Amino acid sequence: MIDLGIRAHDVDSTSADDLARRIRSLGFDGIQLVLKKALKTDISTFDPTIITTTFQHPYVMMLGAYFNPVHPDPQVKAAGIETFKKHIELASECGIRYVGSETGSLMGSPWGYVKENHNEASLS
């Protein structure tokens, strides 16, 4: 049997309980949970018991920890790496198998088209 999931931040909600209820009512088995988008919270203040209690069905298929791993500002990149590590710890603590990130852009912020992203040097 195949489980079907949805990005949780594509479903409007007022709370974690409301989000889980709405996603169940839509018939999805699981979610991609990006805390800062779906629950409007930061990982540093997030209570892991929300995942272990509220998100059993639907379950968290993937925790989204999106950041730009090649951001040209070293401080922004370092902060992103630390946040990603916290997401890995949370995933391990809550039994989530996957943590997602972006492929990155040499542009930094905001995202957009940058010619340098499309040359051989950026791929090596």
Side-chain angles (χ1 to χ4, degrees):
M1 179 182 270
I2 296 174
D3 288 349
L4 186 61
I6 188 173
R7 296 185 325 176
H9 56 277
D10 289 336
V11 177
D12 288 332
S13 69
T14 56
S15 67
D17 289 327
D18 182 53
L19 180 63
R21 182 182 50 74
R22 287 179 185 222
I23 291 172
R24 269 193 307 276
S25 75
L26 294 170
F28 290 98
D29 303 299
I31 59 172
Q32 172 195 349
L33 181 62
V34 181
L35 297 173
K36 64 184 177 183
K37 289 184 176 186
L39 299 177
K40 311 292 189 264
T41 188
D42 185 82
I43 192 159
S44 62
T45 59
F46 183 70
D47 177 4
T49 61
I50 291 172
I51 289 176
T52 58
T53 58
T54 306
F55 293 108
Q56 293 303 302
H57 183 73
Y59 70 98
V60 179
M61 296 172 148
M62 184 177 86
L63 198 58
Y66 297 102
F67 77 103
N68 184 355
V70 294
H71 196 289
D73 182 331
Q75 291 179 334
V76 172
K77 182 167 60 174
I81 290 168
E82 287 307 310
T83 299
F84 189 76
K85 288 177 181 178
K86 289 178 185 175
H87 279 79
I88 291 171
E89 291 170 7
L90 177 62
S92 177
E93 182 179 342
C94 296
I96 301 167
R97 294 176 63 182
Y98 305 101
V99 178
S101 183
E102 295 287 359
T103 54
S105 173
L106 297 173
M107 179 175 223
S109 302
W111 286 62
Y113 179 80
V114 154
K115 184 175 77 172
E116 292 79 16
N117 283 336
H118 304 279
N119 65 32
E120 285 297 317
S122 68
L123 297 174
S124 56

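This structure is a prediction, so every number in the text was calculated from the model and none was measured.
- Asp29 places no side-chain N or O within donor-acceptor distance of the main-chain N or O of Gly5, the cut-off being under 3.5 Å.
- Listed by first and then second residue, the salt bridge (Lys or Arg N to Asp or Glu O under 4.0 Å) pairs that reach into residues 31-51 come to none, sequence neighbours excluded.
- Going from atom CE of Met62 over to atom CD of Gln32 covers 3.5 Å, rounded to the nearest 0.5 Å.
- Within a 6.0 Å radius of CD in Gln56, more than 12 heavy atoms belonging to other residues, nucleotides or ligands are found.
- Counting heavy atoms of neighbouring residues, nucleotides and ligands inside a 6.0 Å radius, atom CG of Asp3 exceeds 12 of them.
- Taken from CD1 in Ile23 to CG in Asp10, the straight-line distance is 9.0 Å, to the nearest 0.5 Å.
- Leu33 and Tyr98 are assigned to two separate hydrophobic clusters, defined by single-linkage of ILVMFWY side chains at heavy-atom distances under 4.5 Å.
- In this structure, Glu82 CD and Ile43 CD1 are separated by 11.5 Å, a value rounded to the nearest 0.5 Å.
- Taking CZ from Arg21 and CG from Leu26, the interatomic distance works out to 10.0 Å, rounded to the nearest 0.5 Å.
- By the rule that hydrophobic residues join a cluster once side-chain heavy atoms approach within less than 4.5 Å of another member, Ile96 and Ile6 end up as members of one cluster.
- Using a 4.5 Å cut-off between side-chain heavy atoms of Ile, Leu, Val, Met, Phe, Trp and Tyr, with links allowed through other members, Val11 and Val60 fall into the same hydrophobic cluster.
- When every heavy atom of Leu39 is checked against every heavy atom of Ala16, the shortest pair comes out as CD2-CA, 3.8 Å.
- Taking the side chain as every heavy atom from C-beta outward, Phe67 and Val76 never approach each other to under 4.5 Å.
- Every residue two or more places apart in sequence or in another chain was checked for a ring pair (Phe, Tyr, Trp, His ring centres under 6.0 Å) with Tyr59, and none qualifies.
- Residues Lys86 and Glu89 are not paired through a salt bridge, judged by the lack of any N-O separation under 4.0 Å between the basic side chain and the carboxylate.
- With values rounded to the nearest 0.5 angstrom, Leu4 atom CG is found 13.0 Å from Ile31 atom CD1.
- Counting heavy atoms from C-beta on, the side chains of Leu90 and Ile51 come closer than 4.5 Å.
- Under 4.0 Å is where a charged nitrogen must lie from a carboxylate oxygen, and between Asp18 and Arg22 at least one such pair does.
- Remark: the backbone N or O of Ile88 is not paired with any side-chain donor or acceptor of Ser92 at under 3.5 angstrom.
- Each of Thr49, Thr54, Ile50 was scored for a side chain to side chain contact (heavy atoms under 4.5 Å, CB included) with Thr52, with one residue passing: Thr49.
- When the side chains of ILVMFWY residues are joined at heavy-atom separations under 4.5 Å, either directly or via intervening members, Phe46 and Leu19 end up in a single hydrophobic cluster.
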